[in-house]
Number of protein chains: 2
Amino acid sequence: MTNGARSADQIYDILSQRIAERALAPGASLTETVLASEFGLSRTPVREALHRLAGEGLVERGARRAFFVRRMTAADLSDLFESLGEIEATCARLAALRMTEIERDGLNRMVTEMPRDYARHNSSFHAAIRAGARNQILATLALDLERRSLPWRDASLRASAARVEQSRLEHRAIVEAVRDGDGSRAAKLMRSHMAGSLSTISERLG
Amino acid sequence: MTNGARSADQIYDILSQRIAERALAPGASLTETVLASEFGLSRTPVREALHRLAGEGLVERGARRAFFVRRMTAADLSDLFESLGEIEATCARLAALRMTEIERDGLNRMVTEMPRDYARHNSSFHAAIRAGARNQILATLALDLERRSLPWRDASLRASAARVEQSRLEHRAIVEAVRDGDGSRAAKLMRSHMAGSLSTISERLG
DNA sequence: ACTATAAAATATGTATACATATTCTGGCTG
DNA sequence: CAGCCAGAATATGTATACATATTTTATAGT
C-alpha cells in the first residue's frame with residue numbers, strides 16, 4: 001500500500017493515510033500549490049493524486065473548484081457502511097460455496113485460537129473470507145469501501161474489550177456457517193456482524 | 001453522461017464510449033501524444049482521462065507504461081459479471097424491504113405493460129430497483145460495473161426475441177417478490193436473472 | 001552467426017508558464 | 001444604506017519543454 005515508483009503514487013498514499021488517520025480532518029482544504037511546496041514537487045503529481053482521491057470519494061471539490069477532504073452526512077455514512085457490509089456478506093456467501101476444505105480448516109483454526117492483536121486478526125479474517133469468495137472484483141470493491149470508511153469509524157468502539165469478545169463470537173458463527181456450506185446463513189451473519197462493528201460517529205460529521 | 005465543461009471530461013466520455021462500442025478494440029493502444037493531436041489538445045487533459053479510465057479498469061498499462069484498452073481473461077469476465085449480478089441482487093433485496101407502496105405499484109405496472117423498446121424498458125426496470133434500494137453507493141457501483149461490462153456483452157444474445165420474453169417473465173417474478181417484501185427471494189431471482197442476461201463472449205477475449 | 005552492449009527511439013513522468021473561471025472585495029451609484 | 005459592477009485575488013485547467021525509464025535496434029567483438 002505504501003510503494004509506487006512515481007511521486008504521484010507516493011503523494012496519493014501519504015494523503016490517503018493522513019485522511020484515514022484524520023490528520024487531515026473532514027473539510028480541510030487541499031490546495032495543489034500548497035501541497036506541491038510541502039512535498040517539494042510540482043503541481044503535476046499532486047494534481048494527479050488529488051484527482052484520484054476525488055474519484056474514490058475521499059476528497060470533494062467546492063468553490064473555485066478547490067479540493068477539500070470530504071464531509072459526509074449521516075445518510076452518506078449509513079450508505080457507505082451498509083454497502084461495505086453487503087459486499088462482505090456477499091463474499092461470505094460465496095466463500096461458503098467455494099472454499100476448499102483446507103481453507104475452511106484454516107479459517108476455523110484462525111477463529112478458535114486466541115488472537116494477540118485483534119485488529120490484525122480481524123483484518124486476516126476478512127481477507128480470508130474475501131479470498132475464499134474467488135472474485136477479485138468484489139474483493140477490490142470491499143477494500144476500497146473499507147479504506148473509504150476508515151476516517152469515519154468510531155475508534156473508541158473498536159477498542160472496547162467487550163466488543164472484541166462479541167466480534168470473536170460472531171466470527172466463529174460465520175465460520176460455522178461457511179464450514180456447513182450454508183451461504184445464506186453466512187451472509188446473514190456477516191451482515192449483522194458488519195452492522196455491529198461499523199459504527200458511525202454521530203458528532204462532528206464533517 | 002456526455003457533458004463536462006472541462007476538455008479532460010469530454011475526452012474521457014468519448015474514449016469511454018468508443019471502448020464500450022468497441023470502436024476501440026481490446027488491446028488497442030492509446031498513446032497520449034496521438035490522442036492529443038487527434039483531439040487538437042495537449043497531453044495534459046488526455047493524460048487525466050487515461051488515468052481515470054485506468055482507475056476504472058477499462059484501460060491497462062503495459063510495456064513502456066503505455067496505455068491500451070484492457071484485455072480480459074475468461075476468469076476476469078466471469079468475476080465482473082458475477083459482481084454486477086451480486087450487487088443488483090443486493091439492491092433487489094433492499095428494494096423489497098424499502099420501496100413504498102407507490103413505488104411497488106409503479107414497478108408492477110412497468111412489468112405488466114408490453115414494452116416497445118426492450119433495452120430502454122430493461123434499463124428503467126433496473127434503475128427503479130436501484131432507486132428502491134435507497135443506497136446511493138450501491139447504485140453507483142452497479143452503474144460503474146455495468147459500464148465496465150458493456151464492451152464484453154454478447155449483443156446477439158440480447159437481440160433474441162425468445163430471450164426478451166424470458167427476461168420479461170423474470171422481471172415479473174422479481175417484482176412479485178418485491179411486492180411480497182420477500183428480500184431473499186427477490187435477491188435470488190435477480191441473481192439468476194443477471195446470470196442469464198449477461199453472457200460472455202467466448203471468442204476473441206481481447 | 002550469436003551475444004553483449006551501447007545508443008536511439010518512444011512513451012510516460014515532472015516542472016513550469018500561461019489561460020480560464022469563479023469568488024471576493026471595494027468603491028461607485030441609486 | 002443597499003445593491004451592483006469591475007477588477008483583483010485565487011485556485012484549477014491547459015500547453016509545452018524537459019527528464020526519466022524502458023524497449024528496441026544497431027553494431028562490434030568473438
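In the text below, chain A, chain B and the rest are named by the order of the sequence lines, each starting its count at 1.
A:S78 contributes no side-chain N or O that, together with a main-chain N or O of A:A74, makes up a donor-acceptor pair within less than 3.5 Å. Under the 3.5 Å distance criterion, the side-chain polar atoms of A:D76 are matched with a main-chain donor or acceptor of A:T73. Formation of a donor-acceptor pair under 3.5 Å by the B:R104 side chain with backbone atoms of B:M99 is found in this model.
Salt bridge B:E113/B:R172: absent, no basic N to carboxylate O contact under 4.0 Å.
Distance CZ (A:F68) to P (D:dT12): 12 Å, rounded to an integer number of Å. Computed from coordinates, the A:Q10 CD to C:dT14 C1' distance equals 13 Å when rounded to whole Å. In this structure, CZ of B:R6 is placed 13 Å from P of C:dA21, rounded to the nearest angstrom.
No more than 12 heavy atoms of other residues, nucleotides or ligands shown are found within 6.0 angstrom of CD on A:Q136.
Contact check of residues 40-61 of chain B against DNA chain C (heavy atom, cut-off under 4.0 Å) returns B:R43, B:R47, B:H51, B:R61.
Here the straight-line distance linking atom CD of B:E21 with atom CG of B:L24 works out to 9.5 Å at 0.5 Å rounding. Note that CG of B:D79 is 12.5 Å distant from CG of B:L84, once rounded to the nearest 0.5 Å.
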Please write out the pairs of protein N or O atoms and N or O atoms of nucleotides 7-11 of chain D separated by less than 3.5 Å, giving the distance to one decimal.
none

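Note on ring orientation: taking the six-membered ring where Trp is involved, the planes of A:H121 and A:F125 are parallel (angle under 30°, cut-offs 30° and 60°).
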